[in-house]
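Just the heavy atoms: all of them, side chains too, but no hydrogens, waters or symmetry mates, feed the values below.
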Amino acid sequence: MNSAVRRRPVRAAPAAVLLLAVTACSGDAQESTPAAPSSASASPGQQDTTAPTPPSPSSGSTAMDIRVTLDGRPIEATLNDSPAARDFAALLPLTLGLEDFHGTERVADLPRKLNTSGAPEPVSAKVGDIAYYAPWGNLALFYQDGPAPSADLLILGHLDVSADQLGGAPRITIEAAA
């Protein structure tokens with residue numbers, strides 16, 4: 001069991017106690033000042049944090065930053081937290097030549113096939129998505145929206161790049177973020 005799963009009940013307990021206290025006091029006609037977030041609502045040694053935003057359909061639960069250079073220009077990029085994305089990250093650094101595929105994506109062969117166990121539900125690829133096409137074992141970078149969802153196409157992450165810049169790129173370098 002990973003540590004993030006074990007911490008969830010600890011984070012939820014103060015919120016549940018606060019909710020019960022507010023509910024029990026809601027019938028009270030007396031006004032009270034709202035409680036400010038403080039260490040009193042958290043266990044010792046914990047900090048009060050805001051809830052993370054829910055992941056988009058083409059990302060996993062936790063984004064992994066990567067460094068990407070496209071045609072000599074650095075661009076912002078992240079990988080999701082899927083098993084295939086983590087396996088892809090283990091291959092980094094990579095410099096790959098890109099070829100056009102059907103006027104929709106730039107593709108490159110990877111040194112080996114990726115682990116696709118535990119793949120999330122399929123979604124349609126969007127412009128900027130980094131994907132893995134399992135049957136061929138290749139990387140696909142979408143510069144146009146992709147086809148209908150397919151279990152064979154796993155979204156690994158996203159590039160913050162224009163369709164024009166990605167559509168003509170002959171080479172990409174992908175490295176783990178430092």
So which heavy atom on [X] is nearest to which on [Y], and how close?
X    : Y    : answer
P83  : G118 : CD-O, 3.8 Å
G97  : A108 : O-CB, 3.3 Å
E105 : A140 : OE1-CB, 3.1 Å

Paired with F101, the ring pair (Phe, Tyr, Trp, His ring centres under 6.0 Å) test is passed by just one of F142, W136, Y133, namely W136

Y132 side-chain N/O to A84 backbone N/O, donor-acceptor pair under 3.5 Å = no

Any donor-acceptor pair under 3.5 Å from T104 side chain to H102 backbone = yes

V107, L70: one ILVMFWY side-chain cluster at the under-4.5 Å cut-off?
-> no

Donor-acceptor contacts, no H, no angles, side chain residues 144-156, under 3.5 Å, sequence neighbours left out:
from, atom 1, to, atom 2, distance (Å)
D145, OD1, V127, N, 3.1
S150, OG, D152, N, 3.1

Using a 4.5 Å cut-off on heavy atoms from C-beta on, say whether the side chain of I75 contacts that of Q165.
-> yes

Under 4.5 Å between any side-chain heavy atoms of I172 and L166, yes or no?
->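 Sidechains of L166 and I172: no contact.
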
As an exercise, state the distance from [atom1] of [X] to [atom2] of [Y], rounded to the nearest 0.5 Å.
X    : Y    : atom1 : atom2 : value
L141 : I174 : CG    : CD1   : 6.5 Å
L98  : L139 : CG    : CG    : 8.0 Å
T69  : R171 : OG1   : CZ    : 11.5 Å
L94  : I66  : CG    : CD1   : 10.0 Å
L96  : D109 : CG    : CG    : 8.5 Å
L159 : E76  : CG    : CD    : 10.5 Å

Under 3.5 Å, which donor-acceptor pairs link side chains of residues 86-93 to any protein atom two or more places apart or in another chain?
from, atom 1, to, atom 2, distance (Å)
R86, NH1, D81, O, 2.4
R86, NH1, D81, OD1, 3.1
D87, OD1, R112, NH1, 3.2
D87, OD1, R112, NH2, 2.7
D87, OD2, R112, NH1, 2.9
D87, OD2, N115, N, 2.7

Sequence neighbours excluded - side chain to side chain donor-acceptor pair (under 3.5 Å) pairs with any residue from residues 88-101 = T95-T173, D100-Y143

